[in-house]
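Just so we're on the same page: letters track the sequence lines, and every chain starts at 1.
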Number of protein chains: 2
Amino acid sequence: MLSPRAGIFVRRWLSAKQLVYSEYGNPSKVVRLETISLPDTPPDGHVHVKWLGAPINPADLNMIQGVYPIKPPLPAVGGSEGYGRVEKVGNGVTRLRVGDHVIPAKSGHGMWRSDGHHKEQDLFQIDDTLSPEQSCSIQVNPPTAYRMLKDFVDLKPGDTVIQNGANSAVGRAAIQICRLRGYRSVNVVRQRDDMAALVDELKGLGADEVITENQLAREYRGKIKDVKLALNCVGGKSTLLLASTLGFQGCMVTYGGMSKMPLQVPTGPLIFKDIRLTGFWMSRWYEVPENLEERKHMYAELSAWMKAGDLLPPHFQKRPLEEHTEALEAAAVDFSKKQLFVP
Amino acid sequence: MLSPRAGIFVRRWLSAKQLVYSEYGNPSKVVRLETISLPDTPPDGHVHVKWLGAPINPADLNMIQGVYPIKPPLPAVGGSEGYGRVEKVGNGVTRLRVGDHVIPAKSGHGMWRSDGHHKEQDLFQIDDTLSPEQSCSIQVNPPTAYRMLKDFVDLKPGDTVIQNGANSAVGRAAIQICRLRGYRSVNVVRQRDDMAALVDELKGLGADEVITENQLAREYRGKIKDVKLALNCVGGKSTLLLASTLGFQGCMVTYGGMSKMPLQVPTGPLIFKDIRLTGFWMSRWYEVPENLEERKHMYAELSAWMKAGDLLPPHFQKRPLEEHTEALEAAAVDFSKKQLFVP
């Protein structure tokens with residue numbers, strides 16, 4: 001917007017902060033904070049969003065490392081998930097209004113920032129009565145769990161789902177959605193010192209079983225069977241164990257590879273039990289235009305669960321953008337809480 | 001049939017030979033030849049089949065070893081594939097006639113025998129103008145290749161199919177069906193001394209590329225891509241290489257596990273290329289009643305190809321049932337030709 005002053009038009013500017021990287025590498029080394037100026041008024045068809053919170057997810061680190069299939073042009077703003085409030089709408093904006101809460105419509109838009117001007121169609125409106133923590137976690141992890149539990153096998157209450165990496169953000173969402181849908185969940189976690197506390201916590205979320213890989217290989221061997229769906233974010237030998245629990249026409253869905261090892265899959269169940277393996281990538285699902293209505297339905301269901309306290313967000317550690325080095329270092333090693341930028 | 005002689009009825013008997021096993025174990029050790037007597041006339045609803053040829057397939061050995069999911073009651077007659085001629089029909093037989101050529105309708109009926117009385121519905125009629133070698137190979141291997149090339153990916157002429165174990169009976173059938181359908185086939189075989197002869201032979205069948213696993217891992221690395229379908233009968237690291245050649249939404253079908261190692265599957269293509277893995281078991285396909293019409297269609301197409309010389313049967317080494325020890329020993333180690341019992 002141009003405003004008259006002393007006979008000339010002066011464009012007003014606002015100052016915005018963002019975390020950018022200009023080269024691929026170790027995130028805590030290559031990401032830097034920069035301050036930019038944004039015109040006071042968004043261009044036609046755009047809205048000004050004040051971004052209020054954005055987590056560090058594992059895929060964000062991979063993207064900065066340059067090992068992720070989505071490679072935005074450099075320099076790029078980091079982060080794929082975040083929520084904000086519409087502050088101003090430009091001409092020609094038809095759907096969004098000031099005060100609406102939004103998240104990015106797709107991945108890779110760069111969410112670690114305080115402000116941005118965004119095309120209306122690049123934003124997706126969410127329920128503005130969600131808490132900040134709920135708003136910051138509705139885009140990536142609970143939807144991943146939701147879709148994997150819905151799109152691959154026709155699960156019925158009482159059916160068994162097994163997953164590894166059960167302590168991850170997706171894993172915790174899967175535990176809770178299984179509980180809400182009446183599926184039995186068997187949750188495989190890494191051996192750790194404070195095992196009893198983790199078992200208690202995950203059982204508190206609704207986990208039916210919480211066991212280590214070793215337990216699954218030994219005392220539980222052959223006891224967990226006829227599993228309909230296995231969720232894998234680990235790979236390696238873990239998938240051999242998970243696949244062996246699948247029943248006839250069971251399905252394993254892979255959404256991560258934390259061990260950095262190839263999946264191991266037994267031949268017999270593939271042939272004789274007709275099991276199948278597939279992958280799931282939330283970002284691609286969001287790219288499919290036909291999924292828009294189902295996305296609205298899913299968000300309505302997830303929001304209702306969240307607001308009722310039935311689906312808890314991850315543990316977050318809030319950080320200002322200025323603490324990016326500490327936050328990115330912590331995100332790479334401490335999986336007990338998720339780092340959350342609060343610009 | 002009872003015939004009057006000297007005022008009493010005397011049932012006539014015929015002598016039949018069969019290869020049986022009474023315990024699971026090393027096939028060449030536990031299989032023995034026995035001679036039994038069969039009534040001269042088949043029971044109601046049964047036909048007397050003179051079995052004319054039955055190969056030794058790998059699954060037959062696994063069944064005798066007791067490591068196969070189909071476990072007929074012991075003692076059992078070995079062999080799952082074979083063809084014969086209807087010699088006599090019992091009362092109530094409606095479909096089959098003397099002179100018809102038949103194969104078993106399903107797996108596990110015990111085909112290493114000279115004669116048997118079989119329920120009409122346990123037999124499937126084949127084209128009686130096929131040669132003995134063609135008749136002996138129409139039930140298991142070419143149909144496995146045919147279905148894997150038809151049921152999992154919508155292949156179009158020019159599409160690329162990759163397979164390991166390309167020198168197996170299924171592999172050779174797959175090469176020829178790819179040629180007939182216009183698919184490009186990349187065929188991975190084990191390194192061997194007479195490599196050039198094998199390459200020539202498989203190229204003679206229509207193979208577009210014949211390479212070793214090492215070549216695929218090295219000089220062909222990254223050069224074979226956008227593959228639509230991978231056929232796997234090996235497992236282990238071979239599947240890692242095959243999976244890496246698959247394009248977006250490519251599919252790997254596993255029908256065997258010759259390496260006896262679990263499949264190794266890369267995580268990235270599962271998630272980001274949406275590849276999928278499944279298995280195929282011909283025996284299960286034959287169990288599905290809804291597949292009967294498609295089976296007739298498939299056999300008509302396979303038979304036409306065979307009779308035109310476009311789909312060659314495997315190299316067979318013919319053996320009388322009496323040579324069962326030698327035949328079973330050879331089948332376990334010599335994959336250059338298939339052992340064929342000719343009762």
Close side-chain approach of A/P262 and B/V265, heavy atoms under 4.5 Å:
no
Taking atom OG1 of B/T267 and atom CG of A/L263, what is their separation to the nearest 0.5 Å?
4.5 Å
Distance from B/Q249 atom CD to A/T278 atom OG1, nearest 0.5 Å?
9.0 Å
Structural part of A/F272 lying under 4.5 Å from a heavy atom of chain B:
both
Using atom types as modelled and distance alone, determine if a side-chain donor or acceptor of B/R276 lies under 3.5 Å from a backbone N or O of A/R276.
no
In Å and rounded to the nearest 0.5 Å, what is the CG to CG distance from B/L277 to A/L277?
5.5 Å
Need one label for A/K260: side chain, backbone, both or neither, based on atoms under 4.5 Å from any heavy atom in chain B.
neither
Can you tell me if B/M261 has over 12 outside heavy atoms packed within less than 6.0 Å of its CE?
no
Rounded distance (nearest 0.5 Å) linking atom CD1 of A/I271 with atom CE of B/M282
13.5 Å
Please find the pair of heavy atoms, one from B/D274 and one from A/G279, that lie closest to each other, and give the distance.
OD1-O, 3.8 Å
Measure the spacing between NZ of B/K273 and CH2 of A/W281 and express it to the nearest 0.5 Å.
12.0 Å
Toward chain B, the part of A/M252 with a non-hydrogen atom under 4.5 Å:
neither
Identify which of A/C251, A/G256, A/G236 forms the greatest number of heavy-atom pairs closer than 4.5 Å to chain B.
A/G256
